[in-house]
Every structure is written in structure tokens, then in C-alpha cells.
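Some notes on the structure that comes next.
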Number of protein chains: 2
Amino acid sequence: MNQYGNGEKKRVTIYSVAKEAGVSLATVSRVINESDVVKENTKKKVQEAIIKLGYKPNAVAQGLALKKTTTIALVVPDGSFNYIDKVINGLLDTAKIYKYNITLHTTTAGINEMNEIIDNVVKSRADGLILYNDAFSAKEIETLNHFQIPMVYLGNKGTGESACCVYIDYEQAVYELVTRYLNNGIDDIVIIDDRKNPTSIDLLIRGASKAFNEHGKTFGGFITIPEDVHNSYEFLSNYFAHNKHKLVITYRDSQAIAVINTCTENNIRIPDETELVCIKDSRYTDMFRPRISSFIVPSYDLGALAMRIMTKLLSGDIVRDKEFKLNYVYKAKETTK
Amino acid sequence: MNQYGNGEKKRVTIYSVAKEAGVSLATVSRVINESDVVKENTKKKVQEAIIKLGYKPNAVAQGLALKKTTTIALVVPDGSFNYIDKVINGLLDTAKIYKYNITLHTTTAGINEMNEIIDNVVKSRADGLILYNDAFSAKEIETLNHFQIPMVYLGNKGTGESACCVYIDYEQAVYELVTRYLNNGIDDIVIIDDRKNPTSIDLLIRGASKAFNEHGKTFGGFITIPEDVHNSYEFLSNYFAHNKHKLVITYRDSQAIAVINTCTENNIRIPDETELVCIKDSRYTDMFRPRISSFIVPSYDLGALAMRIMTKLLSGDIVRDKEFKLNYVYKAKETTK
DNA sequence: CGCATTATTGAAAACCCTTACATTTTCTAG
DNA sequence: CTAGAAAATGTAAGGGTTTTCAATAATGCG
């Protein structure tokens, strides 16, 4: 029933091809793997047999023989596909070039599924692991640190000692942003923290804190939306009914939009009274009105590079640099003055 | 270097476990696979050995022996992750329950990559194929029809003869919607067609046409954004500078937002002058202001059911129904009167 | 206690490749 | 034409499972 077995047709293996071409299976293998020791003439015979029989090498058997699967596991937080689109495209395109397959795994915030995923990865003998780590819990990161496998963190700086990472330095981005405002005498700055992307939010707070410290001040302006609040929208609406700030910083576009909507409801004019910056750019930050100021980043490259590094790791190349920082560009749009 | 080989540590296989437990590898295999013929006592010995050695069965070897990989390939159109989020979650969650792995493949609109993907699927011996088919070209569908493998179409009605499909009947949705307006004497209705999701758009047009026909009219109101137009936003802006309609229907949220923005620019009031319905609901249809009227669908279930059917297909169960239609609910929000 | 069953275990083939090493063929030069 | 070297090919051992069939151990019964 499986392996597309239509019952009658005999499975076509390397043996069939060998027989058809009148050579040994070793020769066929060599032709498949583009070894250059095969005589031109026999190579042609074999190739003809391959075409005639429609032979496709069995990657499973190859995996067993070679002890590698040319498959790498990708772990992303549940619900991240909205903003991870281009990253995945870059990753998949690159994987295709290097003939790697990608298996997909998601983690749900709050539930420590990492053990389960690792178990799966071990059993399926994936060659490596790429993790989009903007929402893993400390416990999950801890779990990962005990796991020996070529690993690339994607999105944020890896917390593991040995793993590589490809990331955008959002901490620095926020630092620069906040510094700019502080220099202009504005220090009524808040960061919205909905606890869905703790890893990232913590970075933002660090960046802001650093800027404040350098100005001899202390940053305490984060609005944490409690985890037990179902409707963060209502929470924010209520918040902005009683509070007003000069600059609001959000991580994701959805939060930025919520801020705009709730401010509008409460007659807070953006950007006149309150300015707003969304850290992560998305197609929606441009579609929404007012257009949301944000940091433009090379998402596609982020994914592509992560995969690229993974191939290096797997080919045994020495990867000297462990951290790859990609550039962002701040783009002021209509939510900032 | 691969298979997490730290060089020194010996790979732990079913042999190691057998030796450790003082039984044959056949017995270990039986314990792993929860065969009930093993004596309670020996089972315990084996399980202890497994834990002691930290043994994890090699899925690759299992795949070879069993001629199945418990992996299914998922093909989605490039750039669809925005709106496919929940579908994938449903799919992955269900896959997890049935212990299937998912490999991810994307197709770029306009490029026929299906052959490449099929080649890959054959080589990697995936057990089945799930396709999110709202943007495949006719050529790609054609290619798929020649391919013998358990297959489930997801999103739209499958065009293949044999394959199963799980879908939302958007044709019917549009039919009902348009009929309602026609009944109210409104027939100035257009569908925005940006040619990125031809499969789906064609369905919408069919639904509208049917409604028009029943009213003795002919539907011709689709605005096709030419493929060579880079900025569909500009195109629409230009369009609405000179045209106005009673009802605009779009497929995706991004198109709906573009319509709202361009109408606003051209001082066309929504919903007073122009009403707008977005077929596919998304988190953004609720976040945007005005909130965009749309059809609510059980996206998660869509993915979950597709995977569920796949498992049935693979376990050899007879799947009597080939088409699974899930319900939609029209939700009028602020872009309709 | 001995035999016929039945429950449990083991041996070995199969799954389909790769590759080290052995063997054969081809080529080169004397 | 032949020895020796180089190139091409073949043989067979692995890679880690599952599973059939044979062998052994346990059980029940007279």
C-alpha cells in the first residue's frame, strides 16, 4: 500500500538498473553519485537504464548507508507563520539548492514541547536543527543546551554556548531608537510586552535600559499584558483610557495595530500625542493607516543564511564566526513625527 | 560528524540493547513495537536496557525495513504562510498525534516546480502528499494527476480524479453573498483578481456568475490586476480614482486592505458608498478599521482533517467520501451595511 | 512423569544503498 | 608483444531495523 506500490509493478532498485545495464550495482551507485571514475561508455549505459526504468534512488536506504539524512528540522513557535513567511522562503530556497529537506515542528508558548521535538529529531536522524527562537521559554533553551546536534539559532542571538546564530540586533535597534528620543528630551517611553515573545521582548527592554542608563535614568516603562488576560486588546484599551505616553514601542505588528486602535478609541492622536514604533516590520505595517514606523530587515536573507551556515556545519567546514548579525534599517513612517 | 556522532561514544543500536538485556534483537524489536507476545519479565529487562543506554530506534532503518517513512510532504504556495497559519497548526498537531513527520515544500506562482517537488517526494519516500491548492497553475495540477501517491488537497476542491480534498466551498459562499445583494437590487459587484490565487479566484467568479445567471444577468465584474503590474496598490488606486462600485469582493485580506486604502484616498466612503467583503478571514480583518466583513472558517480543523484523512488513506482504510466540505459563517462587520 | 500444545524467543533474510578492497581490464612504454 | 601501472569494475560487508519461520521453553492434562 505504501511507497506508491501499485501492487503488481516490481519496485525498481539499484539492482534492477544494474541488471538492465549489465553492470554491477556498485557502478550504478557511482553513476548516481557522479563519481568520475566510471568510463564514459558505461556511464551512458547506466543512465539509459535509469531513464528506461524510471529509477529514483531511495533516500531512506541512502540515509542508512551514509548515516545522514540530508534533512534538517526547523522549529518555529506556533503562530509565528504570519511574520516568518519570508524567513522560511529564504530557508527553503537555500535548502533546495543544497538538496536538503526540511521537516517542520512547532512549539506552543507555555508548553515545553522541546523534549518531544528533540526525541523526534533524534529518532528521525535529522542532520541538524534550525530554531526560530523568539518565543522559547528558558526551560526550552535549557533543554536545547543539553542536546548535541548541529544547531543554528535564527532570529535572536543564541543562548547556547556552541550553537551558531543568525540574527537581527534588535537590542541595538531599540537602544539607538530610545537614545534618539532621550536626546530630544523625551523619556516617557513604554514597551508593550504581551509575554508571547519573551526572548525578544527581554532584548528590547535591555536595549532601552541601556539607553536610559547612559542618560543617568532608569527604564521601567514596560506594559506587561498578564498571561491570563485573554483579550489583550481590551487590556490595552483600558490602559490607554487612563494613560498616555510619548513613545510606544511594540514588537509585533499586531500589537502595534492594537495600540493604534485603542489610542484612536481614546482620542489619543498618533503621532502628535503619542508616537509608535513597531520593531518587526511586516507587510501589514505598510498597509495599515497610518503606516507604522518600523525596522526593515532582510528576512529572506536571514533564513537563507541560517540554512547556508547549517550546510557548512554539516560539511565539516570550520565555522569560525558563530554569530551572524544582519543589518536593520529604521524606517520612519506615519506613526512617528 | 553526522548523526550526532561525538566520535568516541559508540552508536547505540538495537544490538547494544539486545546484548545489554541478554536477549536477541528480535525481542528488542518486539518490545519497541509493543508486540504483546513478549513475556512480562523479559519486556522489563529490555525496557531497562533501553533506558540505561538511552536507546532511540533509528527511524531511517525502520523506514527501510517497513517500506514506509511516516513522513508526509506538505506543499504550500510561496507567500501563503500569512494566511495558512492555523491550517498548518491543525495539520502539525494532528500529525504529531499520529506520529507523522511533515516535510515542507513551497511552490512559487508562475514557476512550475511541481516536477522537482515530486522528484524529491519520490526519492525521500514520503508516504503521502498534502497540497494547499489555492495557487497552483493548471500545469502543476496536471503534473500531479499523473503522480501515484496518497494525496489530499487542502483548501479547494481537488481537481484530480482520485485524490481526496478538504475544503471550504467559497464558490457557494460567494453565490449566497451575491444572491443576497442581487435580491436587494444591487448588481454593481466586482471581484478583485490579482492572479496570485487563480484557483480560488476562479471559484469566486463561478459563484458570482451562477448568482447572476439565476437573475437572468451576466457577471463580468472582475478587475484583473495584470501579472506584470508590480504594484497592485497603485493599480487599484488608479482604478478607484475613476470607478466606483456598490460591492467589492476580494479573496485575501491584503487585497481588501488595499481596496479600503485606495477608496479612502479617493474619498469613497465604506460602507456607505462601496461595500466590501473579504472572503478569507484573517486576524487582520478584525484588526483593521473599519473591521472587514468576511467569512469565518475553521482553519485549524481544515488542516487537522486533511491530516486525519491522510492517516486513513495510509492505514489502508477505505475512504468512502472523497470530498470533505467544511462550513463557513458569513460575518458582517463594518465594511458592509 | 511424559506428551501435546501453546507461549516465547532466536536466527536469518530482507529492505536498498555506499564504499573499502579485490579483481579485472585497459593503457603505456620498453 | 609484454610487464607493469593505471583505470575501471565487481564483491561483499556494513548500515539498523522488521518479520517469517524454526527452535525452545512453559504449561496443561492424563
Side-chain angles (χ1 to χ4, degrees), chain A residues 1-5 10-47 49-50 53-71 99 122-125 127, chain B residues 1-5 10-47 49-50 53-71 99 122-125 127:
Chain A
M1 183 59 207
N2 276 317
Q3 306 275 338
Y4 334 144
K10 191 104 171 67
R11 214 182 302 283
V12 27
T13 70
I14 200 166
Y15 293 99
S16 344
V17 177
K19 201 167 159 195
E20 176 74 28
V23 299
S24 80
L25 74 170
T27 302
V28 178
S29 175
R30 282 188 271 258
V31 171
I32 294 166
N33 297 302
E34 293 171 350
S35 156
D36 50 359
V37 308
V38 183
K39 219 205 279 181
E40 202 53 46
N41 198 26
T42 47
K43 187 190 275 185
K44 218 175 76 188
K45 275 196 301 182
V46 171
Q47 281 165 339
I50 287 175
L53 300 180
Y55 170 71
K56 310 265 177 188
N58 182 333
V60 178
Q62 288 179 317
L64 186 57
L66 292 172
K67 296 202 274 288
K68 67 179 178 192
T69 52
T70 43
T71 293
K99 308 220 182 275
V122 172
K123 283 183 184 157
S124 64
R125 270 26 176 206
D127 293 336
Chain B
M1 184 59 206
N2 276 316
Q3 307 275 338
Y4 334 144
K10 191 104 173 66
R11 215 182 301 283
V12 27
T13 71
I14 200 167
Y15 293 99
S16 343
V17 176
K19 201 166 157 198
E20 175 73 29
V23 298
S24 79
L25 73 169
T27 302
V28 177
S29 175
R30 282 189 272 258
V31 172
I32 295 167
N33 297 300
E34 292 171 352
S35 157
D36 50 358
V37 308
V38 183
K39 217 205 282 184
E40 201 51 45
N41 198 24
T42 48
K43 186 189 276 184
K44 219 176 75 189
K45 273 196 303 186
V46 171
Q47 281 165 338
I50 287 176
L53 301 179
Y55 168 72
K56 311 266 177 185
N58 181 332
V60 178
Q62 288 179 318
L64 185 59
L66 291 174
K67 296 201 276 288
K68 67 179 178 191
T69 52
T70 42
T71 292
K99 309 221 181 274
V122 173
K123 283 183 183 158
S124 65
R125 269 30 176 202
D127 293 335

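None of these values were measured; they are calculated from a predicted model. All chains are named by letter (A, B, ...) in the order of the sequence lines, taking the proteins before the strands, and each is independently numbered beginning at 1.
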- Lys19(A) NZ to dG10(D) C1': how many Å, rounded? 18 Å
- Message: To check you understand the geometry: which heavy-atom pair defines the closest contact between Thr69(A) and Ser124(A), and what is its length?
- Response: CG2-O, 3.9 Å
- Lys45(B): salt bridge (charged side-chain N to carboxylate O under 4.0 Å, His left out) partners, not counting sequence neighbours: none
- Kindly write out the residues that satisfy side-chain hydrogen bond (donor to acceptor under 3.5 Å, both in side chains) with Gln62(B), not counting sequence neighbours, or none if the list is empty. none
- Query: Quick one: what's the B/S/- string for nucleotides 5-16 of chain C, heavy-atom cutoff under 4.0 Å, read 5' to 3'?
  - Reply: ---SBBB---BB
- Message: Rounding to 10°, can you tell me the angle the first-five-pair axis of the helix from dC1(C)-dG30(D) to dG30(C)-dC1(D) makes with its last-five-pair axis?
- Response: 40°
- For Ala21(A) against Val46(A), the heavy-atom pair lying closest together: CB-CA, 3.9 Å
- Do Ile32(B) and Ile14(B) come within less than 4.5 Å of each other through their side chains, counting heavy atoms only? yes
- With sequence neighbours excluded, tell me which residues meet side-chain hydrogen bond (donor to acceptor under 3.5 Å, both in side chains) with Thr70(A). none
- Task: Starting at atom NZ of Lys123(B), determine the distance to atom P of dC17(C), rounded to an integer number of angstrom.
- Result: 12 Å
- Note on the structure: The complete set of salt bridge (charged side-chain N to carboxylate O under 4.0 Å, His left out) pairs with one or both residues in residues 16-38 of chain B, sequence neighbours excluded, reads Glu20(B)-Lys52(B)
- Query: Judged by atom type as modelled, is there a donor-acceptor pair below 3.5 Å linking the side chain of Asn58(A) to the main-chain atoms of Val60(A)?
  - Reply: yes
